[in-house]
Amino acid sequence: MIAIKKSLEKELQMFYSAVEQTADSVFITNKDGVIEYVNPAFEKMTGFSKEEALGNTPRIIKSGLQSREHYKKLWSTILDGKNFRTVVVNRRKDGKLFYADHTITPIKDNKGNVTHFVGIWKDITKQTQFEKRKEEFIATASHELKTPITVIKGYCQLLEKKLSQSKDKENLHFVTQISSQTDKVINLIRDFFDVSKIEAGKLVLSKQEFNLETLVKGIIENFKHSVGTHRIVLQGKVGRSLLGDPERIGQALINLLTNAIKYSPSGTKVLVNLTSKKQYALIKIEDFGIGISKPEQKKIFDRFYQANEGGREGFGLGLYITSEIVKKHGGKAWVESEKGKGSAFYITIPFQKS
Ligand code: ADP
(Lines give C-alpha, C1' and ligand atoms only; values in the text may rest on other atoms or scores of the structure.)
Protein backbone atom coordinates (compact mmCIF):
# COMPACT_ATOMS: atom_id res chain seq x y z
CA MET A 1 0.00 0.00 0.00
CA ILE A 2 2.77 2.39 1.03
CA ALA A 3 4.74 1.41 -2.09
CA ILE A 4 1.72 2.20 -4.32
CA LYS A 5 1.26 5.54 -2.52
CA LYS A 6 4.94 6.35 -2.99
CA SER A 7 4.89 5.55 -6.71
CA LEU A 8 1.67 7.56 -7.12
CA GLU A 9 3.31 10.50 -5.34
CA LYS A 10 6.34 10.19 -7.61
CA GLU A 11 4.14 10.12 -10.71
CA LEU A 12 2.16 13.13 -9.48
CA GLN A 13 5.37 15.01 -8.79
CA MET A 14 6.58 14.21 -12.30
CA PHE A 15 3.32 15.46 -13.87
CA TYR A 16 3.43 18.61 -11.76
CA SER A 17 7.02 19.35 -12.79
CA ALA A 18 6.17 18.74 -16.45
CA VAL A 19 3.23 21.17 -16.37
CA GLU A 20 5.24 23.74 -14.39
CA GLN A 21 8.17 23.60 -16.78
CA THR A 22 6.52 23.38 -20.19
CA ALA A 23 6.84 26.38 -22.54
CA ASP A 24 3.09 26.41 -23.24
CA SER A 25 0.65 28.18 -20.94
CA VAL A 26 -1.43 25.79 -18.88
CA PHE A 27 -4.36 26.87 -16.74
CA ILE A 28 -7.09 24.98 -14.96
CA THR A 29 -10.51 26.42 -14.19
CA ASN A 30 -13.49 25.03 -12.28
CA LYS A 31 -16.60 24.34 -14.27
CA ASP A 32 -17.76 27.95 -13.91
CA GLY A 33 -14.55 29.11 -15.60
CA VAL A 34 -12.86 30.42 -12.43
CA ILE A 35 -9.08 29.92 -12.60
CA GLU A 36 -7.68 27.55 -9.96
CA TYR A 37 -4.20 26.95 -11.37
CA VAL A 38 -1.78 28.64 -13.78
CA ASN A 39 1.75 27.53 -14.66
CA PRO A 40 4.77 29.88 -14.92
CA ALA A 41 4.49 29.97 -18.74
CA PHE A 42 0.99 31.44 -18.31
CA GLU A 43 2.43 34.22 -16.14
CA LYS A 44 5.12 34.92 -18.73
CA MET A 45 2.78 34.82 -21.75
CA THR A 46 0.01 36.94 -20.23
CA GLY A 47 1.93 39.20 -17.87
CA PHE A 48 -0.50 38.31 -15.06
CA SER A 49 1.01 36.78 -11.92
CA LYS A 50 -0.40 33.63 -10.35
CA GLU A 51 -1.95 35.70 -7.54
CA GLU A 52 -3.66 38.01 -10.05
CA ALA A 53 -4.98 35.13 -12.15
CA LEU A 54 -6.32 32.82 -9.44
CA GLY A 55 -9.97 33.49 -8.62
CA ASN A 56 -10.43 35.38 -11.89
CA THR A 57 -11.72 33.97 -15.19
CA PRO A 58 -9.79 33.87 -18.49
CA ARG A 59 -11.75 37.02 -19.33
CA ILE A 60 -8.76 38.96 -17.93
CA ILE A 61 -6.89 38.30 -21.17
CA LYS A 62 -9.88 38.85 -23.45
CA SER A 63 -8.91 40.95 -26.48
CA GLY A 64 -12.46 41.59 -27.66
CA LEU A 65 -11.42 40.30 -31.08
CA GLN A 66 -13.23 36.96 -30.85
CA SER A 67 -16.78 36.82 -32.12
CA ARG A 68 -19.80 36.01 -29.98
CA GLU A 69 -20.13 32.79 -32.05
CA HIS A 70 -16.63 31.79 -30.95
CA TYR A 71 -17.65 31.80 -27.27
CA LYS A 72 -20.96 30.11 -28.01
CA LYS A 73 -19.21 27.32 -29.89
CA LEU A 74 -16.50 27.04 -27.19
CA TRP A 75 -18.99 26.61 -24.35
CA SER A 76 -21.34 24.29 -26.21
CA THR A 77 -18.37 22.06 -27.17
CA ILE A 78 -16.71 21.83 -23.77
CA LEU A 79 -19.97 21.50 -21.83
CA ASP A 80 -20.70 18.61 -24.17
CA GLY A 81 -17.50 17.02 -22.80
CA LYS A 82 -15.47 17.53 -25.98
CA ASN A 83 -12.14 19.25 -26.74
CA PHE A 84 -12.23 22.71 -28.29
CA ARG A 85 -9.29 23.81 -30.41
CA THR A 86 -8.86 27.05 -32.30
CA VAL A 87 -6.57 30.03 -32.81
CA VAL A 88 -7.35 33.00 -30.55
CA VAL A 89 -6.05 36.52 -30.10
CA ASN A 90 -5.50 37.40 -26.45
CA ARG A 91 -4.46 40.61 -24.74
CA ARG A 92 -1.58 40.65 -22.23
CA LYS A 93 -1.73 42.69 -19.06
CA ASP A 94 0.39 45.40 -20.76
CA GLY A 95 -2.15 45.63 -23.60
CA LYS A 96 -0.07 43.80 -26.24
CA LEU A 97 -1.87 41.19 -28.33
CA PHE A 98 -0.67 37.63 -28.77
CA TYR A 99 -1.92 34.80 -30.96
CA ALA A 100 -2.37 31.40 -29.37
CA ASP A 101 -3.18 27.96 -30.62
CA HIS A 102 -5.73 27.27 -27.94
CA THR A 103 -7.07 23.95 -26.65
CA ILE A 104 -9.60 23.53 -23.88
CA THR A 105 -10.26 20.07 -22.53
CA PRO A 106 -12.99 19.21 -20.03
CA ILE A 107 -11.84 17.14 -17.04
CA LYS A 108 -14.45 14.62 -15.85
CA ASP A 109 -14.91 12.79 -12.55
CA ASN A 110 -15.36 9.02 -12.46
CA LYS A 111 -19.10 9.47 -13.08
CA GLY A 112 -18.40 11.37 -16.28
CA ASN A 113 -19.41 14.78 -14.92
CA VAL A 114 -17.31 17.73 -15.99
CA THR A 115 -15.60 19.21 -12.92
CA HIS A 116 -12.81 21.35 -14.41
CA PHE A 117 -11.38 22.60 -17.67
CA VAL A 118 -7.74 22.61 -18.64
CA GLY A 119 -6.61 25.23 -21.14
CA ILE A 120 -3.35 25.16 -23.11
CA TRP A 121 -2.01 28.02 -25.21
CA LYS A 122 0.86 27.71 -27.62
CA ASP A 123 2.16 31.15 -28.56
CA ILE A 124 2.04 31.44 -32.37
CA THR A 125 2.32 35.24 -32.61
CA LYS A 126 5.52 35.19 -34.68
CA GLN A 127 4.25 32.68 -37.28
CA THR A 128 0.88 34.44 -37.51
CA GLN A 129 2.44 37.85 -38.04
CA PHE A 130 4.74 36.46 -40.70
CA GLU A 131 1.82 34.78 -42.47
CA LYS A 132 -0.19 38.01 -42.31
CA ARG A 133 2.63 40.07 -43.77
CA LYS A 134 3.06 37.51 -46.55
CA GLU A 135 -0.66 37.58 -47.37
CA GLU A 136 -0.66 41.38 -47.35
CA PHE A 137 2.33 41.44 -49.65
CA ILE A 138 0.71 39.04 -52.13
CA ALA A 139 -2.54 41.02 -52.05
CA THR A 140 -0.81 44.40 -52.60
CA ALA A 141 1.63 43.16 -55.22
CA SER A 142 -1.03 41.44 -57.30
CA HIS A 143 -3.28 44.49 -57.02
CA GLU A 144 -0.52 46.89 -58.08
CA LEU A 145 0.52 44.69 -61.02
CA LYS A 146 -2.99 44.33 -62.38
CA THR A 147 -3.33 47.81 -63.95
CA PRO A 148 0.02 48.03 -65.80
CA ILE A 149 -0.27 44.49 -67.17
CA THR A 150 -3.81 45.14 -68.41
CA VAL A 151 -2.53 48.26 -70.20
CA ILE A 152 0.30 46.24 -71.81
CA LYS A 153 -2.22 43.65 -72.98
CA GLY A 154 -4.43 46.39 -74.40
CA TYR A 155 -1.57 47.85 -76.47
CA CYS A 156 -0.59 44.34 -77.65
CA GLN A 157 -4.10 43.82 -78.97
CA LEU A 158 -4.00 47.21 -80.72
CA LEU A 159 -0.65 46.40 -82.33
CA GLU A 160 -1.80 42.92 -83.33
CA LYS A 161 -4.76 44.47 -85.13
CA LYS A 162 -2.63 47.10 -86.89
CA LEU A 163 0.10 44.67 -87.95
CA SER A 164 -2.31 42.09 -89.27
CA GLN A 165 -3.97 44.82 -91.35
CA SER A 166 -0.61 45.95 -92.74
CA LYS A 167 0.40 42.31 -93.31
CA ASP A 168 3.68 42.83 -91.43
CA LYS A 169 4.07 39.16 -90.58
CA GLU A 170 7.40 39.33 -88.77
CA ASN A 171 6.39 42.04 -86.34
CA LEU A 172 2.97 40.47 -85.91
CA HIS A 173 4.72 37.28 -84.81
CA PHE A 174 6.74 39.23 -82.21
CA VAL A 175 3.68 40.96 -80.83
CA THR A 176 1.71 37.71 -80.69
CA GLN A 177 4.53 36.25 -78.58
CA ILE A 178 4.47 39.25 -76.23
CA SER A 179 0.71 38.98 -76.04
CA SER A 180 0.67 35.28 -75.16
CA GLN A 181 3.39 35.71 -72.52
CA THR A 182 1.40 38.64 -71.11
CA ASP A 183 -1.60 36.32 -70.82
CA LYS A 184 0.49 34.01 -68.65
CA VAL A 185 1.44 36.89 -66.36
CA ILE A 186 -2.21 38.01 -66.20
CA ASN A 187 -3.27 34.48 -65.21
CA LEU A 188 -0.57 34.30 -62.56
CA ILE A 189 -1.58 37.65 -61.08
CA ARG A 190 -5.21 36.56 -61.10
CA ASP A 191 -4.24 33.35 -59.24
CA PHE A 192 -2.30 35.30 -56.61
CA PHE A 193 -5.18 37.71 -56.24
CA ASP A 194 -7.64 34.81 -55.85
CA VAL A 195 -5.45 33.13 -53.26
CA SER A 196 -5.34 36.27 -51.14
CA LYS A 197 -9.12 36.55 -51.48
CA ILE A 198 -9.58 32.92 -50.40
CA GLU A 199 -7.22 33.35 -47.44
CA ALA A 200 -9.12 36.44 -46.30
CA GLY A 201 -12.43 34.55 -46.66
CA LYS A 202 -13.47 37.02 -49.34
CA LEU A 203 -14.07 34.75 -52.30
CA VAL A 204 -17.59 35.81 -53.22
CA LEU A 205 -19.71 33.87 -55.66
CA SER A 206 -22.06 35.61 -57.99
CA LYS A 207 -24.69 32.86 -58.31
CA GLN A 208 -27.16 32.41 -61.12
CA GLU A 209 -28.87 29.57 -62.96
CA PHE A 210 -26.79 28.37 -65.86
CA ASN A 211 -26.39 25.49 -68.25
CA LEU A 212 -23.25 23.50 -67.51
CA GLU A 213 -23.14 21.84 -70.91
CA THR A 214 -23.17 25.17 -72.75
CA LEU A 215 -20.40 26.43 -70.46
CA VAL A 216 -18.25 23.32 -70.99
CA LYS A 217 -18.79 23.34 -74.77
CA GLY A 218 -17.70 27.01 -74.95
CA ILE A 219 -14.55 26.31 -72.94
CA ILE A 220 -13.63 23.30 -75.08
CA GLU A 221 -14.15 25.34 -78.26
CA ASN A 222 -11.77 28.02 -76.92
CA PHE A 223 -9.18 25.36 -76.10
CA LYS A 224 -9.50 23.89 -79.60
CA HIS A 225 -8.75 27.31 -81.06
CA SER A 226 -5.83 28.17 -78.82
CA VAL A 227 -4.21 24.73 -78.25
CA GLY A 228 -4.33 22.34 -81.10
CA THR A 229 -2.08 19.74 -79.51
CA HIS A 230 -4.70 17.46 -77.90
CA ARG A 231 -7.99 15.91 -78.92
CA ILE A 232 -10.56 17.09 -76.37
CA VAL A 233 -13.66 14.89 -76.37
CA LEU A 234 -16.88 15.75 -74.56
CA GLN A 235 -19.04 12.87 -73.36
CA GLY A 236 -22.31 12.61 -71.42
CA LYS A 237 -24.64 15.40 -70.38
CA VAL A 238 -26.32 17.12 -67.46
CA GLY A 239 -29.98 17.50 -68.25
CA ARG A 240 -30.77 20.32 -65.83
CA SER A 241 -29.50 23.76 -64.97
CA LEU A 242 -27.19 24.49 -62.07
CA LEU A 243 -27.20 27.28 -59.53
CA GLY A 244 -23.70 28.65 -59.16
CA ASP A 245 -21.13 31.12 -60.38
CA PRO A 246 -20.52 30.15 -64.04
CA GLU A 247 -17.41 32.31 -64.25
CA ARG A 248 -15.79 30.63 -61.23
CA ILE A 249 -16.85 27.13 -62.28
CA GLY A 250 -15.49 27.94 -65.74
CA GLN A 251 -12.20 29.00 -64.12
CA ALA A 252 -12.05 25.66 -62.24
CA LEU A 253 -12.67 23.70 -65.45
CA ILE A 254 -10.09 25.72 -67.38
CA ASN A 255 -7.54 24.95 -64.63
CA LEU A 256 -8.24 21.22 -64.90
CA LEU A 257 -8.14 21.23 -68.70
CA THR A 258 -4.94 23.28 -68.74
CA ASN A 259 -3.34 20.72 -66.44
CA ALA A 260 -4.63 17.76 -68.45
CA ILE A 261 -2.91 19.28 -71.51
CA LYS A 262 0.18 20.43 -69.63
CA TYR A 263 0.83 17.03 -68.07
CA SER A 264 0.12 14.73 -71.04
CA PRO A 265 1.92 14.29 -74.36
CA SER A 266 0.82 16.01 -77.56
CA GLY A 267 -1.48 13.99 -79.72
CA THR A 268 -3.20 12.23 -76.81
CA LYS A 269 -6.87 12.47 -75.85
CA VAL A 270 -8.41 14.49 -73.03
CA LEU A 271 -11.88 13.26 -72.06
CA VAL A 272 -14.44 15.55 -70.45
CA ASN A 273 -17.33 13.60 -69.05
CA LEU A 274 -20.55 15.05 -67.62
CA THR A 275 -22.94 12.99 -65.50
CA SER A 276 -26.10 13.95 -63.72
CA LYS A 277 -26.42 12.29 -60.30
CA LYS A 278 -29.45 12.67 -58.06
CA GLN A 279 -28.14 15.60 -56.08
CA TYR A 280 -25.21 16.86 -58.06
CA ALA A 281 -23.54 17.22 -61.42
CA LEU A 282 -20.32 15.21 -61.74
CA ILE A 283 -17.58 16.42 -64.06
CA LYS A 284 -14.62 14.20 -64.88
CA ILE A 285 -11.57 15.42 -66.79
CA GLU A 286 -9.28 12.59 -67.79
CA ASP A 287 -5.89 12.60 -69.47
CA PHE A 288 -3.43 9.90 -70.46
CA GLY A 289 -0.28 11.61 -69.35
CA ILE A 290 2.37 11.40 -66.65
CA GLY A 291 -0.04 10.65 -63.76
CA ILE A 292 0.48 11.37 -60.06
CA SER A 293 1.82 8.98 -57.40
CA LYS A 294 -0.46 8.00 -54.50
CA PRO A 295 1.39 10.02 -51.80
CA GLU A 296 1.41 13.11 -54.02
CA GLN A 297 -2.31 12.82 -54.79
CA LYS A 298 -3.00 13.79 -51.17
CA LYS A 299 -1.04 17.03 -51.45
CA ILE A 300 -1.72 18.43 -54.93
CA PHE A 301 -4.77 20.42 -53.80
CA ASP A 302 -2.60 22.26 -51.24
CA ARG A 303 -1.48 25.80 -51.86
CA PHE A 304 1.85 26.06 -53.77
CA TYR A 305 2.25 22.28 -53.99
CA GLN A 306 3.80 20.92 -57.17
CA ALA A 307 4.13 17.19 -57.73
CA ASN A 308 6.60 15.43 -60.05
CA GLU A 309 9.34 17.72 -58.69
CA GLY A 310 7.64 20.77 -60.20
CA GLY A 311 9.58 21.54 -63.35
CA ARG A 312 6.69 22.80 -65.49
CA GLU A 313 5.60 26.40 -65.45
CA GLY A 314 3.16 27.43 -62.74
CA PHE A 315 3.09 28.02 -59.01
CA GLY A 316 1.01 25.13 -57.77
CA LEU A 317 -2.06 27.30 -57.22
CA GLY A 318 -4.48 26.07 -59.89
CA LEU A 319 -5.76 23.01 -58.05
CA TYR A 320 -5.96 24.85 -54.73
CA ILE A 321 -8.12 27.58 -56.29
CA THR A 322 -10.18 24.97 -58.14
CA SER A 323 -10.94 23.01 -54.99
CA GLU A 324 -11.79 26.20 -53.06
CA ILE A 325 -14.23 27.28 -55.81
CA VAL A 326 -15.82 23.83 -55.76
CA LYS A 327 -16.02 23.78 -51.94
CA LYS A 328 -17.62 27.21 -51.95
CA HIS A 329 -20.35 25.72 -54.15
CA GLY A 330 -20.82 22.89 -51.63
CA GLY A 331 -19.13 20.35 -53.91
CA LYS A 332 -16.02 18.17 -53.81
CA ALA A 333 -12.86 17.82 -55.88
CA TRP A 334 -10.62 14.74 -56.02
CA VAL A 335 -8.26 12.82 -58.23
CA GLU A 336 -7.76 9.23 -59.30
CA SER A 337 -4.47 8.57 -60.99
CA GLU A 338 -1.77 6.05 -61.76
CA LYS A 339 1.78 7.16 -62.31
CA GLY A 340 2.71 6.95 -65.98
CA LYS A 341 -0.83 6.11 -67.09
CA GLY A 342 -2.82 9.32 -66.63
CA SER A 343 -5.11 11.14 -64.23
CA ALA A 344 -8.82 11.67 -63.80
CA PHE A 345 -9.93 14.76 -61.90
CA TYR A 346 -13.47 14.85 -60.57
CA ILE A 347 -15.58 17.73 -59.33
CA THR A 348 -19.15 17.74 -58.10
CA ILE A 349 -21.52 20.70 -58.01
CA PRO A 350 -24.73 20.17 -56.03
CA PHE A 351 -28.00 21.05 -57.75
CA GLN A 352 -29.80 22.33 -54.68
CA LYS A 353 -30.03 26.03 -54.07
CA SER A 354 -27.76 27.03 -51.21
P1 ADP B 1 0.76 23.92 -61.34
O2 ADP B 1 0.23 23.18 -62.54
O3 ADP B 1 0.83 25.39 -61.54
O4 ADP B 1 2.04 23.37 -60.82
P5 ADP B 1 -1.63 23.00 -59.93
O6 ADP B 1 -2.15 23.39 -58.60
O7 ADP B 1 -2.55 23.18 -61.08
O8 ADP B 1 -0.28 23.78 -60.14
O9 ADP B 1 -1.21 21.49 -59.84
C10 ADP B 1 -0.40 21.04 -58.75
C11 ADP B 1 0.48 19.89 -59.18
O12 ADP B 1 -0.33 18.73 -59.45
C13 ADP B 1 1.24 20.13 -60.47
O14 ADP B 1 2.48 20.76 -60.19
C15 ADP B 1 1.42 18.74 -61.06
O16 ADP B 1 2.58 18.15 -60.54
C17 ADP B 1 0.22 17.97 -60.52
N18 ADP B 1 -0.84 17.82 -61.54
C19 ADP B 1 -1.94 18.59 -61.68
N20 ADP B 1 -2.71 18.13 -62.70
C21 ADP B 1 -2.08 17.06 -63.21
C22 ADP B 1 -2.36 16.13 -64.29
N23 ADP B 1 -3.46 16.23 -65.02
N24 ADP B 1 -1.48 15.14 -64.49
C25 ADP B 1 -0.36 15.02 -63.73
N26 ADP B 1 -0.03 15.85 -62.73
C27 ADP B 1 -0.88 16.85 -62.47
Side-chain angles (χ1 to χ4, degrees), residues 134-135 138 141-142 145 149 180-199 203 216 219-220 222-224 226-236 247-274 282-329 331-349:
K134 203 171 73 187
E135 303 299 349
I138 292 176
S142 46
L145 286 168
I149 207 76
S180 85
Q181 295 302 318
T182 310
D183 284 338
K184 287 185 184 164
V185 180
I186 289 176
N187 289 340
L188 251 180
I189 293 171
R190 197 209 45 211
D191 280 358
F192 278 125
F193 203 58
D194 282 346
V195 168
S196 64
K197 265 196 211 155
I198 293 166
E199 294 305 304
L203 182 75
V216 173
I219 292 172
I220 293 179
N222 275 341
F223 266 89
K224 281 185 178 164
S226 54
V227 243
T229 51
H230 292 66
R231 207 150 49 84
I232 308 175
V233 183
L234 175 63
Q235 303 168 324
E247 209 168 298
R248 288 295 184 186
I249 291 177
Q251 183 186 352
L253 295 172
I254 290 171
N255 284 344
L256 296 180
L257 270 173
T258 309
N259 282 348
I261 288 165
K262 197 156 78 169
Y263 299 106
S264 68
S266 289
T268 55
K269 257 190 309 194
V270 172
L271 303 179
V272 180
N273 192 294
L274 305 180
L282 175 69
I283 307 156
K284 174 182 176 188
I285 297 186
E286 187 175 14
D287 66 66
F288 301 90
I290 60 172
I292 308 153
S293 70
K294 276 260 152 10
E296 289 192 306
Q297 287 173 28
K298 289 201 189 92
K299 302 181 203 153
I300 52 170
F301 291 96
D302 292 350
R303 219 167 26 139
F304 297 113
Y305 188 82
Q306 295 193 292
N308 297 306
E309 290 126 31
R312 316 250 168 149
E313 58 190 42
F315 269 87
L317 293 175
L319 287 180
Y320 170 70
I321 295 169
T322 300
S323 81
E324 290 297 317
I325 291 174
V326 171
K327 269 193 235 159
K328 194 92 188 166
H329 279 86
K332 283 188 193 149
W334 71 96
V335 65
E336 284 170 9
S337 178
E338 204 175 319
K339 192 118 181 130
K341 295 218 167 132
S343 313
F345 282 85
Y346 295 82
I347 59 177
T348 63
I349 309 288

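Both counts, for ligands and for their atoms, begin at 1 and track the order of listing.
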Peer 1: Quick one: which ligand 1 atoms are inside 4.0 Å of a heavy atom on Leu317?
Peer 2: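 Atoms satisfying the 4.0 Å criterion: 6 (O), 8 (O).
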Peer 1: For ligand 1, note which part of Lys262 has a heavy atom under 4.0 Å away: side chain, backbone, both or neither.
Peer 2: side chain
Peer 1: For Ser142 and Ile189, which heavy atoms make the closest approach, and how far apart are they?
Peer 2: O-CG2, 3.4 Å
Peer 1: Do Glu296 and Lys299 sit within salt-bridge range, that is, some charged N less than 4.0 Å from a carboxylate O?
Peer 2: no
Peer 1: May I ask you to check if ligand 1 and Tyr320 share an N or O to N or O distance below 3.5 Å?
Peer 2: no
Peer 1: What atoms of ligand 1 come closer than 4.0 angstrom to any heavy atom of Leu319?
Peer 2: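 Ligand 1 atoms under the 4.0 Å threshold to Leu319: 5 (P), 6 (O), 7 (O), 9 (O), 10 (C), 12 (O), 19 (C).
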Peer 1: CD1 of Ile321 to CZ of Arg303: how many Å apart, nearest 0.5 Å?
Peer 2: 10.5 Å
Peer 1: Quick test of your reading of the structure: of Gly342, Gly316, Gly318, whose heavy atom lies closest to atom 3 (O) of ligand 1?
Peer 2: Gly316
Peer 1: Is Ala307 touching ligand 1 with its side chain, its backbone, both, or neither, if touching means heavy atoms under 4.0 Å apart?
Peer 2: both
Peer 1: Does some side-chain heavy atom of Asp191 sit less than 4.5 Å from a side-chain heavy atom of Tyr320?
Peer 2: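 Tyr320 vs Asp191: side chains apart.
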Peer 1: What atoms of ligand 1 come closer than 4.0 angstrom to any heavy atom of Gly291?
Peer 2: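 That gives atoms 25 (C) of ligand 1.
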Peer 1: Could you check whether Lys262 pairs with Asp287 (Lys NZ or Arg NE/NH1/NH2 to Asp/Glu carboxylate O, under 4.0 Å)?
Peer 2: no
Peer 1: Check the side chains of Thr229 and Ser266 for a donor-acceptor pair under 3.5 angstrom, ignoring hydrogens and angles.
Peer 2: no
Peer 1: In plain terms, say whether Glu247 and Arg190 are close enough for a salt bridge, that is, a side-chain N and a carboxylate O under 4.0 Å apart.
Peer 2: no
Peer 1: Indicate, as side chain, backbone, both or neither, the part of Phe345 found under 4.0 angstrom from ligand 1 when only non-hydrogen atoms are considered.
Peer 2: side chain
Peer 1: Show the atoms of ligand 1 that are less than 4.0 angstrom away from any heavy atom in Tyr305.
Peer 2: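 This gives 10 (C), 11 (C) as the contact atoms.
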Peer 1: Number the atoms of ligand 1 from 1 as they appear, then name those within less than 4.0 Å of a heavy atom of Phe315, with their elements.
Peer 2: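 Near Phe315, the atoms of ligand 1 are 3 (O).
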